[in-house]
*Asks:* 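First, the structure itself, so that you have it in front of you.
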Amino acid sequence: MIPQLRRPTTALFLLVTTLAPSAAQAGNLTPPAGPITPTAKPLAEIEPRVAITTANTPGDADSVFRITQPGSYYLAASVAGVVGKSGVEIAASDVMLDLNGFALIGLAGTLDGVVVSTPGSQNVAIRNGAIRAWGGDGVDTVNADNVILEQLLLAANTADGIHAEGNNVIVRNCVARSNGANGINLLQPGAAAEFGAARAAASDDGKSDPKPNPRTPAPQAPGAPRGVNGSDGSLVIGCTAQSNSISGIVVGFGCTVADCVSRSNLGVGIGAWSDSTIERCTAVGNIDSGIDVISSCRIAGCTCNSNGLGISAELGQSTITDCYLSANTSDGIRTSGDCLITRNTCLVNGNSGSGAGIHTSAGGSRIADNFVEHNDRGLDIDNADNQISGNAVRLNTDNYDIVAGNQLNILLGQLPESIDWPSTVTLAGNLTGSTGNGITVNADEVTIDLAGHSLVGVAGSLDGINVAANKGKNLSVLNGTIRGWGGDGLDAAASFNAHVRGVRASDNGGDGLKTGTSADITDCQSRDNTGTGINAGVGSHIGGCTARLNGVTGIIGSSACTITACASSNNTASGISAFGSSTVSNCTAASNGGDGIVVTNSSMIRGCTASTNTANGINAGSDCRIVDNNTAGNGNGAGDGAGINVTGSNTRIEGNNATNNDRGIDCNPATGNLIIRNSASGNAPNYDIVAGNTAGRLVTNANIATSSNPHANYDF
C-alpha cells in the first residue's frame, strides 16, 4: 500500500505564509563608494603557464625560442623551423613544455626540434604534439635526468626521433617514424656500434645472419666509451617506431619497454643493454634483430615477425618466454649461455638452411616447452650443458642439430627422426612413418617413452625403431605400440642392457621385438608379426610377455636367458625357444606349429604348461632339468610329438605330467638321463625310455596302491 501524505497543520501553514515575504527580500543595491575592482581570480592563477612567444621566450643565435627559467610552458601555435636553429631550446631545470597539439616543423639545415642544452638539467617534461623534419633530432634531452616524453609524433627528422641519454627517462605513447637514425634512442653515442660488435661475436659459428644490416656501424675503437652513460632506469611504454634509418627503440641498463611497436627500421627493432625488461612488444620487418638485448634481460609476451633475426640475447643470462617468432630470415631465437627459454612459438624461421627456431651457442640454458615448427633447423644447440625438455619440434628441415653433452628430454612429434645423443624421447601422439626407419638410435643412454601412443609404419618402411651398430647401450623402450612396419617393430639387436616394458608389437614385416645382450623385456605383447614375436640376446630376461600368431617362433631367448610367466600360442614355429644355460619357468605354450617349449643344453624348464602343439610339448637337450611341468595333447596323432622329448644325456626329468600326447615321456634314443616321479596317461606309449637311462619303477593301475617307491613313475 502506498502511504498517504498528511496535510500540514493550519499553524504550520500560517507560519510559512507569514515568514515567506521576509525571506525573499533582496540586499542593498547601492554600490559602495570608491572605484570598482574585479573580484575573480586572475588568469595567471587559473592557468599558471607561459606561452612560447618572442616576448616571453625569445630565441638566440641557435634557437627560435629559448626557455631559461623553470616553469610550465605551452605552444600557442605551430612553430616553423629556421636554418641553423633549433625549434625550442630548454636551458633550465624543472620545465614542463606542452606542445598543446601544435607542431614544430623543421626543414633542411635546421638543428633539433626540442633540445635540452644545459648540462646537468633535470625534471623536464615534453608532451602532446608533432615534431617533424628537423635537421637534427626531433627531441634531444642528452643533458637531462628525470625526463618524461609522452604523446609525441616524431617523423622524418634527420637524426633520432628521440635522443635521451640521462637517467630515469620515461617515454610513453609516442610514435617515431621515418627518422634518419633511431626512432627512440636512450643510449650514449656509439652504443649502436657496440650492438654491432656483440652481434659479430655471437654469430661466429658458421651460421651467421644471411642478410646482415649494411648500416650497422663498425665496432668502436679501443678506449671509446662503452655501455650506457645516463640512460639507466628508462621507461618506454606504448610507443611506435617505424621506418627509421637505424634502430627503432634502443634503451640502456635497468630499463623497461612495454606495449611498443617497432617496424620496418633498418637496424634493430628494439634493443636493450643489461638488466632490462621488454614485454608485450611487437617488432616487424626490421633489417636486424626484432629484439636485441645484451645480458640479464627479460623478454616476455613479444611478437617478432619478418625481421633479420627474431630475438637475440647476445651475452646470455636472459629469460625469453611466451613470445611468438615467425618468418625471420635467420633464427627465431638466438642466445648464448645461461638463459631460460620457455613457452615460445617459433614458426617458419630461416632461409634455405640458414635459420633455426631456437639457436644457442653456449651452455647453461634451459630450453623447455617451446613449439618449434617449419624452420630450417628446429633446435640448434652448439654447446654442451644445456637442459632441453618438453619442446614440440616437428616439420623442420632438420628438427634437431644438437652436440653431445646436453640433458635432453625430447617430445617427438614427427617421423622419421634420428636420436644422436643420450636423451629421453617421449611421443607427443601417434606418429606415422614413411619409407625408412621410424626412429633411428645413434647413441647410448636413450629412453623412448611411447607414452601410450603408437608408431605406425606404412608400405615401404623399414623398422619402427632401429638401433645402429655399436649403439644402444642402456636403451629403454616403454609403454606403447609399434605396428605395421615393413621390417622389425623394434630392432635393437645391437643394444646392450636394453629395457623394453609395456610395448605391443603387431603386424610388422620382421620380428616384433628384437634386442641384444642382457636385455630386460617385461609385460610386452607381440602378435601377427611375419618373423619372431620376441627375440632376445644372450643373458636376457623375458617376463610376463605374450606372443601370438607370429610367422616364426613366438619367443626366442639366446643362451643364459630367463623366460618367466610368459604365454606363447598359435605361432607358426615353436612357442618358446631358448639356447644353452637358460631357464624357462611358469610359462604356457599352446597350439604352436612346432614345439611348445624347446631348450638346448644345460637349461631348466620348470612349472610350465605345454599343450596342443604340433610337435613336442617340451623338447630338451643334455644336462637339463625338466621339473613339475604339465604337457597335454601335443603331436598330431602321427606319433611324432611327445609330451616331453629329450635328445641328449644327463637330463633330470622329474615330477612332470604328460597326458594325451602322441608319446608321453620320450628318451629314445637318448641315454644317461634320470626319469623319476612323473605321471603319464593317454599317450601311445606313455613312456618311451631305452636302456641306458635311469628311471624310477613304473607303477600302473594294478600296483599303484601297494607301491611305496618315492621315485616311481606312474602310468595310469
Side-chain angles (χ1 to χ4, degrees), residues 147 149 160-172 174 176 181-199 201-202 213 216-217 225-241 244 246-263 265 267-283 286 288-304 307-323 325 333-336 338-341 344:
V147 174
L149 306 172
D160 294 339
I162 291 174
H163 188 115
E165 296 181 14
N167 295 305
N168 305 320
V169 178
I170 296 176
V171 181
R172 58 192 174 204
C174 293
N182 301 291
I184 299 172
N185 185 4
L186 309 183
L187 286 176
Q188 182 183 11
E194 288 297 312
F195 269 92
R199 163 63 46 74
N213 177 17
T216 299
R226 297 174 60 89
V228 177
N229 183 16
S231 63
D232 299 357
S234 297
L235 180 65
V236 183
I237 298 178
C239 297
T240 297
N244 299 288
I246 302 182
S247 298
I249 299 170
V250 182
V251 299
F253 293 91
C255 299
T256 294
V257 182
D259 302 308
C260 293
V261 176
S262 186
R263 60 181 299 158
N265 302 288
V268 170
I270 299 171
W273 287 75
S274 297
D275 307 309
S276 294
T277 294
I278 302 173
E279 57 188 0
R280 301 184 306 278
C281 292
T282 299
N286 300 287
D288 208 306
S289 300
I291 296 174
D292 194 328
V293 300
I294 299 302
S295 66
S296 303
C297 290
R298 176 178 176 270
I299 304 170
C302 295
T303 296
C304 295
N307 304 284
L309 193 156
I311 293 175
S312 175
E314 306 280 7
L315 301 182
Q317 301 174 5
S318 294
T319 294
I320 304 170
T321 184
D322 297 308
C323 294
L325 300 308
I333 295 173
R334 179 186 297 173
T335 71
S336 56
D338 303 309
C339 290
L340 175 63
I341 305 170
N344 301 288

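Since we're looking at a predicted model, the values are computed, not measured.
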*Asks:* How far apart are the closest heavy atoms of G183 and A241, and which atoms are they?
*Replies:* CA-CB, 4.4 Å
*Asks:* Applying the side-chain hydrogen bond (donor to acceptor under 3.5 Å, both in side chains) test to R280, which of D259, T303, D322 qualifies?
*Replies:* D259
*Asks:* Verify side chain to side chain contact (heavy atoms under 4.5 Å, CB included) between E314 and D292, making sure each step is shown before the conclusion.
*Replies:* CA-CA 7 Å; E314 306 280 7; D292 194 328; 2.8 Å; yes
*Asks:* Could you pull out the closest heavy-atom pair between G290 and A283, with the gap in Å?
*Replies:*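 Smallest heavy-atom distance, with atoms named: O-CB, 3.3 Å.
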*Asks:* Are I170 and N168 side-chain neighbours, meaning at least one heavy-atom pair lies under 4.5 Å?
*Replies:* no
*Asks:* Using side chain to side chain donor-acceptor pair (under 3.5 Å) as the criterion, list what pairs up with T321, not counting sequence neighbours.
*Replies:*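 Checked T321 against side chain to side chain donor-acceptor pair (under 3.5 Å); matches are T342, R343.
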*Asks:* Quick check for you: to the nearest 0.5 Å, what is the distance between N307 atom CG and S312 atom OG?
*Replies:* 11.5 Å
*Asks:* Looking at residues at least two apart in the chain, or sitting in another chain, which of them share a side chain to side chain contact (heavy atoms under 4.5 Å, CB included) with N265?
*Replies:* N244, S262, N286
*Asks:* Of all residues at least two apart in sequence or in a different chain, which pass the side chain to side chain donor-acceptor pair (under 3.5 Å) check with S295?
*Replies:*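 Here the qualifying residues are S274.
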*Asks:* Kindly compute the distance separating SG (C297) from CD1 (I291), expressed to the nearest 0.5 Å.
*Replies:* 10.5 Å
*Asks:* Apply side chain to side chain donor-acceptor pair (under 3.5 Å) to R298 and list each qualifying residue two or more places apart in sequence or on a separate chain.
*Replies:* E279
*Asks:* Mind checking the OG-CD1 spacing from S289 to I333? Nearest 0.5 Å is all I need.
*Replies:* 12.0 Å
*Asks:* So, does D275 use its side chain to make a donor-acceptor pair with the main chain of F253 at under 3.5 Å?
*Replies:*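 A pair under 3.5 Å: no.
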*Asks:* Just how far is it from atom CD1 of I162 to atom SG of C174, taken to the nearest 0.5 Å?
*Replies:*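 Rounded to the nearest 0.5 Å, the CD1-SG separation comes to 4.5 Å.
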*Asks:* Scan V251, T335, I299, I311 and name whichever one has a side-chain contact (heavy atoms from CB on, under 4.5 Å) with V293.
*Replies:*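 The single option meeting the side-chain contact (heavy atoms from CB on, under 4.5 Å) with V293 is I299.
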*Asks:* Within the distance-only criterion (no hydrogens, no angle test), does the side chain of N182 pair as donor or acceptor with the backbone N or O of I246 below 3.5 angstrom?
*Replies:*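 Such a contact is absent between N182 side chain and I246 backbone.
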*Asks:* Look up atom OG in S296 and atom CD in Q317, then write down how far apart they are to the nearest 0.5 Å.
*Replies:* 4.5 Å
*Asks:* CG of L186 to SG of C255: how many Å apart, nearest 0.5 Å?
*Replies:* 6.5 Å
*Asks:* Specify the closest pair of heavy atoms between C304 and G310, including all atoms of both residues, with the distance to one decimal.
*Replies:* SG-O, 3.6 Å
*Asks:* Could I get the full list of side chain to side chain donor-acceptor pair (under 3.5 Å) partners for S276, not counting sequence neighbours?
*Replies:* none
*Asks:* Which atom pair, heavy atoms only, marks the closest approach of G271 to V268?
*Replies:*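 So the two residues come closest at N-CG1, 3.7 Å.
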*Asks:* Taking side chain to side chain contact (heavy atoms under 4.5 Å, CB included) as the definition, give me every residue that meets it alongside T256, ordered by chain and number, with sequence neighbours left out.
*Replies:* L235, A258, T277
